[in-house]
Structure formats: C-alpha cells, structure tokens
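The analysis underlying the following values was restricted to heavy atoms, covering all of them including side chains, and did not include hydrogens, waters or symmetry mates.
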Amino acid sequence: MLEKRYDPKKVEEGKYENWKKEGYFTAGDKTKQPFSMVIPPPNVTGKLHLGHAWNTTIQDITARYKKLQGYDVMWLAGMDHAGIATQAKVEEKLRSQGISRYDLGREKFLEKAWEWKKEYADNIHKQWAKMGLMLDYSRERFTLDESLNKAVLHVFKTLYDKGLIYRGERIINFDPELKTALSNIEVEYSEDKGKFYYFKYPIVDSKDYLVVATTRPETMFGDVAVFVNPKDKRYKHLIGKKVINPANEEALPIMGDEYVDIEFGTGAMKCTPAHDPNDFASSEKYNLPRIICMDLNAKMNENCGRYKGMDRYECRDELVKQIEKDGRLIKIEDIVHTVGHSERSHTVVEPMLMKQWFVKMRPLAEQALNKSSVNFVPNRFSNTFRQWMENVDDWCISRQLWWGHRIPAYYNKQTGDIIVSETPINDPNYYQDEDVLDTWFSSALWPFATLGWPNTESEDYKRYFPNSLLVTAYDIIFFWVSRMIFDSLEFTGESPFKDCLIHGLIRDSQGRKMSKSLGNGIDPIDVIDKYGVDALRYFLTTGSAPGQDIRYIEEKVQSSANYLNKIWNSARYVLESLGGDFKPVAFKFDELHEVEKDILVKLNKTIKSVTSFMDKYEYSMASSYLYNFVYDDFCSSYLEMSKVSLQKGDDEYKKVVKSVLVYILKNIIIMIYPFAPFIGEELYLALPEHKKSIMIEEYVKPLDIPENDIEQVENLYKMIQDIRNYKVSNKLAPNYKLRFIVEGESIFKGFEEYLARFSFAKEIILTSKSTSKGMRFAYKKMNLYIEDEISKEELEAKRAKDIAFLKAEIARSEGMLNNPNFVSKAPKEKVELENNKLAEFKKKLAELN
RNA sequence: GGAUGUUUAGCUCAGUUGGGAGAGCAUCGCCUUUACACGGCGGGGGUCAGAGGUUCGAGCCCUCUAACAUCCACCA
C-alpha cells in the first residue's frame, strides 16, 4: 500500500539505476520508427544550473512521450570540451598552485585538462541521473573524442580546399587576459563609463591646430591619418595638409571621407587601422599603413617609444599627462560608451590586427538561408536565425589555446607554405599551427559527427540523421543552431534536424538573470532535495508560454509538489478501495451508470487535448488540461461519486466501478509520467495490472465513445454546488441536514444517493410536479426545491435575483438574435445554440412568474 | 538606427482555429466529511496598457501610441 504522503526521496530511490540497467535508455529497436535528439552538450566546466535542468527536462519529456507512443527514441548523451571556458578554469586552478600553463608545456597541460574533464563529467553524469534523463549513454560522445576529431579535420580540410577557410590578417577581438582571439559573438557589449580626451593636433606649416577627440589615447601610436568630412565647412580647407600626432610627433595626413560624422566629437577623427575595424576598412580604401602598437598581453610595443612595455591603461594615463604637459590637452569629458568585453574573462577586448584563420561566411550563409528546412518552434525564432545569417561576418575560428582541436595546418619552415592535412605531417621541414579551433567549430557538427559521420554508411547516421528535434534556449541560436544548420547543409546536404524547439532563459524571482556576481543562482540539487525532482521538472515545463523566459519562484515548485501529492493520494484512494487481489474487468460504456459515463467522457476529451498539445511540444498547455481534469473532474467530482457507486451497486457493478477507477488512474499516471517520471513509475507499479516498467507502456488512447456531456450528471454537480452555496449564504454548517424536493423524476431517478451523500439530505423527494414553496433552483429539464424554514424575504430575494439574471440574459440573447448579421453570418451551430439558450431562459422566467 | 518580445486579478503567469476571462500564490468565510490540512467547500478581486480599425462578435486579427525587456548594428 502507498504511504499516506508522497515522499519524493523514497519514490526516486533506485528507479533511475533500474531503468538504465534494464536498457530502456538504449535505442535501436528497428521495428519502430526512429525519433532522435542530441543533447546540447554541456560544458565540462562546472555544475549544471537550472537552465540546463529546464532544457534537458523538455527533451526528456519529449523522449519519454515519444517512447510510449512507440518510437525508437535515441537521445544521445554528450559533453562539450568548451575550449576557452575549460582552459580558463584549468589555468585558474593551476595559478592557485603557482603554476602557469607555460611552466607545464602543452602536453602536461592537456593531461591536467583531461583530469579536469573526467572530474566534471562525473559530476554531470550524476546530475543527469538526478534529473531522471533517459539519455542513451551507449552512444555518449565528447567533442574532443577521436571520432569527432576526424570529423573536424575533414570539415576543416574540405572547407580549406574549397576556399571557404582562409588564413588572413584582419581585425579580430583579442582577449588580453586569456590571450586569444575571439569571434564577434563572443564579445559582449556594455555601457561603460569612459573619458573622451580632446587633444590639439598642430597643423604643419601653420600656427593653427586641429582638435581631435579620442576615447583611447594609447592607440595614438598606431594613428596613420586624421579624417574629416569633406562637407564640413570648418575643416574642408585642411584636407591634404598634415597634422602632428601629439603622442609621437609624427606627421599625419588630413584626409576627407563622408563616413565621418560632422556632429560627433569635434568632427575630426583619428585613424588607427590596426586597432579599429572601421579604420581598418579606411586603410584598405586609401591604402594606409597599419601600425600595431600593442603586444599580446595588451602591453605597449616598440612602436610606442618610452611607453614600450607599459600596460595599455597605464600608457593611457601617462600619455595624457605628457600631452597635458605639452599644453596640447584641451579637455577631458566624462562619457558613457559601449565597450566590448570578453564573454569568458569579462576583460575589455582589444580590437587588433592579427593573422588568424577564418571561415568565409557568405556562401555558407546563403545556402543556410535558401535551403534550411528547420522548423523553429515558436516560429518567430526563424527570423532571429535569418537576420543573423543575412548580416554575418567571417568567422574567426583560431584560438590561441591548447585545449581543443588543433588546427591541421602545417607550415614549411623555409618557405612558409601551408599544407592542410587530415593526417599528421611528420616531415621535419614542416611544423603544425599552434592554435586550436573555436569550440563551436566542433559543436557545429554535433548532430551528425556524433552518429558516425563522415562515414555516411554508419548505421546510426543512416537511421538517426537528420535528428527529429533539437531543444535549446534562444541565446544559443547564433552560437550553435545557425552553425549546425550551415555546416549540416554544406556537408550532409540536409538540415540537421526537423524541428528546433526554442525555450527562454530562467531568471530569479525578480526577473534578473542568474549570475555568480549577483549570487542569485539556484542549485537544482537543492531544489530536488527539498521538493523532489518531479516537482522541479513540473514547475520548469508548465505554466509558461513557449519561448518565454521564466522566473524561478519557489512557491511554484511547492505547489507542483502539492499537485503530485494530490495525484498520489487519489491513487491511494483508488488502490485502497480495490481491496485484496483485484483484477480489473472489461466494461462496456453503454452499461455504465451516468456518473461513470460522465467521467469517461471527460477523460476522453482530456486525452485528446493532452495528446494534441504534446504533439506540438506545448507541454504547458497539455499539463494544464491534465491538471484541470485531475483536480476538478476526477478528484473533486467523480472520485467522490465513486464512493457512492462502490456502495450502492451489486457486486458485479462494484467490480466495474473499480475497473473504471483503475482505468482512469492509469490514464492519469501515464499522462503525468513524462513530466514526473519517478512518481509515474511508482504509481504505475502499484496498479493491479502492469508491465515491468511504465517505460515500456503505451501512451493513452481515447476510447471510442460518444463525446456529448451527460446532462443528468451536469445537473447533479450543479445541484450540489447550489446546495453548498445555499448553506454558506445561510450560515448553515456544511453537514446541516435539509429536505429536498426534486421536480423531474424521470430525469433524476437513480441519482438520489449521489445527491444525498453530498447534501447531507434529511430527505429527498422525487416528484414529477411539485407544489413546494421552498427555494427553487432550475436546471436543464428539472428543478430543485430546498425546504427548511426559509423566510419569505430570502425566497423573494432569490426570486428577484433570478428574474434579474434571466432578464439580462434574455436581453443579451435577443440582442444577438435580432441582429440580422449575426443570424446570417455566424456559424449555424452558434445561432442554434443561442436560440436554445433564449428558449430556456424564457421558459425559466415564465416559471418564476 | 534595426528587430523581437512583454503589458490580463494584490503578486507570478496561462489563455487552443476570434464565439460569455483562467491557474498558482496571496486574501476572506466555513469545515478534524473515512484519498489528501502539502487538504476540502464557498467567496471577493480584472473598462485584458491606450487609441483607432476589421468583424455579427476582438484578450486574440490590422494600424498607431506608450512603457518595460532582450537581441543585432553603430558609437572617433
């Protein structure tokens, strides 16, 4: 027997291990249609947070649902080496021991990184188990696996041969702390306080000067020109002359370009091609030199005179002091401007001219825009994808790191010629590029490289690619989704997945992003310990709209747990009422009492709604239909009715009622199971007839029965509510005994005992025509009179209230029906419905008068 | 500058193809009724941001406005 209270800890114990042991997570049943997903591989950098919990629960619900529906579900497990993030963590750890990566050297450092990976992979496995994820571990992959490395090398080589990967000198975003290049999307911009420095640039052969403003004086050593707008009357005449750079006394040409904003600053702009992307573009246009003035530690280099070796910010201060001493500082303004920060280290990135590897994006993007068949859910995210693709720049893929896929490019020591090769080149005349690839370069191949590609004859690849579904948050669309799409189209000729379900981000109770610095992060494990994983899963996946952010609100997890407790206790009631070794019997709908029919009709409707929303990945809607059924139809209504059914009928009928109860319970359990698999399994195994696990059950199917509501039962529930209301408004105790006269014998016969139980009736009199003076309540084709020392005032008040209500309704109804447009244009059934209502209202009003 | 989202009960949010506004929490009243006090029963509380429009009918569709949020681009 079930315990009185749902205890998540006990319920969860041992189940996951058992499922795993039974092999339920392993795909491969060829008699079934495949349904495939790959997990967005979490970084091996730390603990999983609520965002992961949300993301994986959505997938798990899908997987469990599809499995019960009879699909061969393949949900591939895996993790990401997360090059830059992991390397930063490992270096940080080493630093705390006083070691730098250079002390260790590449190989030793990588050993440390693999140790780190192992530790964190173990953690992640434990958390997946806690969450109850039915991941296929037999196919688990890591982005640095040899098989994935093969795919990466193949992709690199192929794109290189096609001219879609090139090595070039361009302005990239450099992270001076992690000492590596970044791609554009790894830079986050924020509004920072800064200073705008106004300097005098003396004009050569003149006593005049030009005022140039800059936020970054330290880059003045890289200046090669000053630009003004040729339409700017103040400066037009200066074009062609020269000014003196106050930082290093070099003469710079004054040039004209309409790109310069006359309104901004002084209207004169310094040009630093090696440290600014726009200036770099100008240098291409006007063939200007490019002078790099910093090294890879963001320290000033030999082009900076006595400032050489200084940190960039120290140099800025010193240089400004010097210029001030020279009498060339006009003013310093406080401003707020957007500054790029490294997504990982959060340091201010330095735009720098460097030789790096790039993916040429235009052709790949075109293909992605034209050929992608990915169905984004919700659909609006396809715009997000599209827009990014339309404006994408070339992708800087080389990283000055060690933890990652090493770039398979080899340089001739003498000539510098490059060979790109999928197999190592051991020729002593060649050395391999030191850099590794951006993590996302390998993640982009995840949906197919994990399945054996580039071996297109691999069984898994043939069976499970393209994937059926990918689930991720909207902030990953650019980083990952878009790249999977263009790589997949380029290399497999197909979109990587059919559907792409996008969810939002999880925030704290005040709507703020969860972050370490705010200290507002929530550890899923703490939540699970307190409320159970099923409650967490239910909270995460219900009560929100697709694609929207959600707030973590503990009370909602609590109420989810309460809901599960409700299901638990309803199951306990059903199971305890069965008695001993009950075997469910088959029942015929037509032979059931109306109260049993009614609940089955409602269950049927629920199954249809739930299934149709589950099919659309609308888990919130599906769960809300189930919730209403469980609470209102089952627990609050039928479950109470069944207590009467179990007393009044003959033994045969009692068996039938029990079977109906078991049937409904089983259906509820199966529908709640994808959301709450642990309690689902626990309750399922307590059913009188069950398989070895709910994981090998079939999903619920509607019965082939009529859909219309059972009128008498509707009346019964309304009567009960009216009687309860009557007692409350007359300050009578709920169990106060009253005398009822029911007018409508032919309709109500067979329901007396049901009414009696809920109304604590002193007496129920059935009649076909009543002369009662008691308070009257009207229902479809029948009336109820309550007789109990009711005062005339009360009766009159009730009557007046009813009349007013009916008159208002009749007015409303007639208003609609007198509108010829409504009658002629609205659907027939709507008009008919309104006609019926009007007739009913009129009849009731006539009865009252 | 471009785009997207949000605005519904005190709070947090749902709302299916347009057809009489819902949940959780909070609140008020009653109840130790034999599944559940992590409960039951009943109640109060909403000009669905604003203004137009389409429609027989709009929380839902169209246009505009406002506020908030997010993303992209620019910022010498």
Side-chain angles (χ1 to χ4, degrees), chain A residues 2 4-6 184-185 189 196 212-216 219 226-227 259-261 264-272 276 278-279 335-339 378 380-381 383-384 387-388 391 474-475 477-478 504-505 509 511 513 531 539 542-545 547-551 553 555-556 558-577 609 612-613 616 618 620-621 624-625 627-628 631 635-636 639-640 643 720-721 724-729 731-735 757-758 760 809 812 815-817 819-827 829-831 833-834 837:
Chain A
L2 299 177
K4 186 166 177 183
R5 230 183 96 178
Y6 157 55
N184 293 350
I185 53 175
Y189 291 89
F196 209 18
V212 178
T214 178
T215 52
R216 302 170 64 215
T219 64
V226 170
F227 274 89
Y259 160 74
V260 178
D261 182 351
F264 193 88
T266 64
M269 182 187 100
K270 74 191 202 64
C271 176
T272 321
D276 182 281
N278 294 312
D279 293 353
I335 56 156
V336 172
H337 60 152
T338 48
V339 177
R380 67 185 139 91
F381 290 106
N383 295 333
T384 312
Q387 243 162 5
W388 188 72
N391 301 301
Y474 59 70
D475 62 335
I477 295 176
F478 302 147
L505 306 178
S509 60
K513 240 180 165 170
Y531 299 105
F539 158 71
T542 62
S544 63
Q548 289 300 120
D549 290 351
I550 57 172
R551 298 187 187 197
I553 294 173
E555 291 74 35
K556 288 195 182 182
Q558 169 79 60
S559 78
S560 301
N562 291 349
Y563 172 47
L564 297 176
N565 184 54
K566 186 79 178 171
I567 293 178
W568 178 271
N569 272 294
S570 64
R572 197 160 70 90
Y573 160 76
V574 171
L575 297 172
E576 282 178 4
S577 67
S609 303
S612 95
F613 285 115
K616 291 186 276 189
E618 292 208 32
S620 196
M621 287 297 287
S624 120
Y625 275 81
Y627 181 94
N628 289 333
Y631 256 96
C635 293
S636 299
L639 203 136
E640 299 299 330
K643 291 172 185 174
I720 291 166
Q721 186 162 15
R724 281 170 172 166
N725 258 326
Y726 173 87
K727 287 183 179 175
V728 170
S729 60
K731 301 210 184 312
L732 302 173
N735 57 359
R757 179 178 167 87
F758 290 93
F760 296 91
E809 286 301 295
R812 186 192 58 77
M816 284 176 82
L817 290 164
N819 180 345
N821 287 321
F822 174 71
V823 180
S824 60
K825 291 185 185 170
E829 61 273 18
K830 293 284 173 195
V831 178
L833 191 70
E834 210 51 48
K837 279 186 190 173

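No donor-acceptor distance shorter than 3.5 angstrom exists from the side chain of N819(A) to the backbone of G815(A), with no hydrogens or angles considered. Between the side chain of S620(A) and the backbone N or O of G543(A) there is at least one donor-acceptor pair closer than 3.5 Å.
No contact: N735(A) has no heavy atom under 4.0 Å from any strand. Nucleic acid contact class of Q721(A) (heavy atoms, under 4.0 Å, all strands): sugar-phosphate only. Residue contacts for N383(A): at a heavy-atom cut-off of 4.0 Å it reaches no nucleic acid atom on any strand shown. Backbone-only engagement by T214(A) is indicated by non-hydrogen atom pairs under 4.0 Å involving sugar-phosphate atoms exclusively. A826(A) comes within contact range of at least one nucleobase, with a heavy-atom separation under 4.0 Å. Heavy atoms of Y627(A) sit under 4.0 angstrom from primed sugar atoms or phosphate atoms, though from no base atom. In this structure, F196(A) reaches the sugar-phosphate backbone alone: every heavy-atom distance under 4.0 Å involves primed, P, OP1 or OP2 atoms, never a base. Residue contacts shown for G265(A) are absent, as no nucleic acid heavy atom lies under 4.0 Å away. E809(A) comes within 4.0 angstrom of a nucleotide base, judged by non-hydrogen atoms across all strands. Using a 4.0 Å heavy-atom distance criterion, Y563(A) is classed as making no nucleic acid contact. Heavy atoms of P820(A) sit nowhere under 4.0 angstrom from any nucleic acid atom. At the heavy-atom level, C271(A) lies nowhere under 4.0 Å from the strands shown. At the heavy-atom level, V574(A) lies nowhere under 4.0 Å from the strands shown. Among the protein residues, T215(A) comes within range of the sugar-phosphate backbone only, with heavy atoms under 4.0 Å from sugar or phosphate atoms but none that close to a base.
For R380(A) and U4(B), the CZ to P distance is 11 Å, given to the nearest whole Å. Here U34(B) presents its P atom at 8 Å from NZ of K643(A), a figure rounded to the nearest Å. G40(B) atom P lies 16 Å from atom CZ of F760(A), rounded to whole Å. Residue I553(A) contributes atom CD1, which lies 8 Å from atom C1' of C11(B) at whole-angstrom precision. Look at CD1 on I477(A): it is 18 Å from P on A3(B), rounded to the nearest Å. As a whole-Å value, the separation of F758(A) CZ from G42(B) P is 11 Å. Per the geometry, OH belonging to Y631(A) stands 21 Å off P belonging to A14(B), to the nearest Å.
Of the listed nucleotides (C13(B), C25(B), A76(B)), C13(B) has the atom at the smallest distance from the side chain of R551(A). Candidate nucleotides A14(B), G42(B), A35(B) were compared by shortest atom distance to the side chain of M621(A), and A14(B) ranks first. Taking only side-chain atoms of Q548(A), from C-beta outward, the nucleotide of A14(B), G19(B), A76(B) with the closest atom is A14(B). Residue R572(A) places its side chain closer to A35(B) than to any other of A73(B), G20(B), A35(B). Closest approach to the F478(A) side chain among C72(B), C25(B), A76(B) is made by C72(B) (side chain taken as heavy atoms from C-beta onward). Out of C25(B), A35(B), C30(B), the shortest distance to the side chain of S559(A) is found at C25(B). When distances run from any side-chain atom of F822(A) to the nucleotides G43(B), G24(B), G19(B), the shortest one goes to G19(B). Comparing A37(B), G39(B), A73(B) by their closest approach to the side chain of K4(A) singles out A37(B). With distances taken from any side-chain atom of Y474(A) to the nucleotides U70(B), A76(B), C13(B), the minimum falls on U70(B). Comparing atom distances between the L639(A) side chain and each of A76(B), A35(B), G19(B) picks out A35(B) as nearest.
Looking at E640(A), its side chain comes within 3.5 Å of the base of A35(B) through a donor and an acceptor atom. Applying the 3.5 Å distance criterion, the base of G20(B) shares a donor-acceptor pair with the side chain of K837(A). The base of G20(B) is paired with the side chain of R812(A) by a donor and an acceptor separated by under 3.5 Å.
The phosphate of C25(B) (OP1 or OP2) has no side-chain N or O of Q558(A) nearer than 4.0 angstrom. For S636(A) and C41(B), the shortest distance from a side-chain N or O to OP1 or OP2 is below 4.0 Å. At A23(B), none of the side-chain N or O atoms of K556(A) fall inside 4.0 Å of OP1 or OP2 (strictly under the cut-off). Y259(A) has no side-chain polar atom (N or O) that falls below the 4.0 Å cut-off from OP1 or OP2 of C74(B). Regarding contacts with the backbone of G43(B), a side-chain N or O of N725(A) is found under 4.0 angstrom from either OP1 or OP2. Contact check, K513(A) against A69(B): no side-chain N or O comes under 4.0 Å of OP1 or OP2. Of the side-chain N and O atoms in N562(A), one or more sit less than 4.0 angstrom from OP1 or OP2 of G39(B).
On the C1' atoms, G52(B) is 49 Å away from G40(B), given to the nearest whole Å. Separation of the P atoms belonging to U7(B) and G43(B) is 28 Å when rounded to the nearest angstrom. Only the P atoms considered, C62(B) is 12 Å distant from U6(B), to the nearest whole Å. Here, G1(B) and C13(B) have their C1' atoms 33 Å apart, quoted to the whole Å. Here the separation of A51(B) from A58(B), taken at their C1' atoms, is 15 Å to the nearest Å. For the P atom pair drawn from G20(B) and G29(B), the interatomic distance equals 35 Å after rounding to whole Å. Comparing the C1' positions of G45(B) and G39(B) gives a spacing of 24 Å, expressed to the nearest Å. For the P atoms, the distance from G5(B) to A76(B) is 31 Å, rounded to whole Å.
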For this session: Please assess L505(A) against D475(A) for the test side-chain contact (heavy atoms from CB on, under 4.5 Å), listing each intermediate value before the final yes or no.
Result: CA-CA 8 Å; L505(A) 306 178; D475(A) 62 335; 3.6 Å; yes

Exercise. Given the rule in the ring-ring contact (aromatic ring centres under 6.0 Å, His included) test, do F227(A) and Y259(A) qualify, once you have shown the distances and angles that lead to the verdict?
Worked result: CA-CA 9 Å; F227(A) 274 89; Y259(A) 160 74; 8.2 Å; no

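Ring pair W568(A)/Y6(A) is tilted by interplanar angle, where 30° to 60° counts as tilted. Between W388(A) and F478(A), the angle of the ring planes stays under 30°, which puts this pair in the parallel group of the 30/60° scheme.
The base-pairing partner of G1(B), taking Watson-Crick or G-U wobble contacts with both distances under 3.5 Å, is C72(B). Under the Watson-Crick or G-U wobble criterion, with both distances below 3.5 Å, C41(B) is paired with G29(B). The base-pairing partner of A66(B), taking Watson-Crick or G-U wobble contacts with both distances under 3.5 Å, is U7(B). Nucleotide A35(B): unpaired (no Watson-Crick or G-U wobble partner with both distances less than 3.5 Å).
Only one option out of D279(A), D276(A), T219(A) pairs with K270(A) in a side-chain hydrogen bond (donor to acceptor under 3.5 Å, both in side chains); it is T219(A).
A donor atom on one side chain and an acceptor atom on the other are found under 3.5 Å apart for Q558(A) and N562(A).
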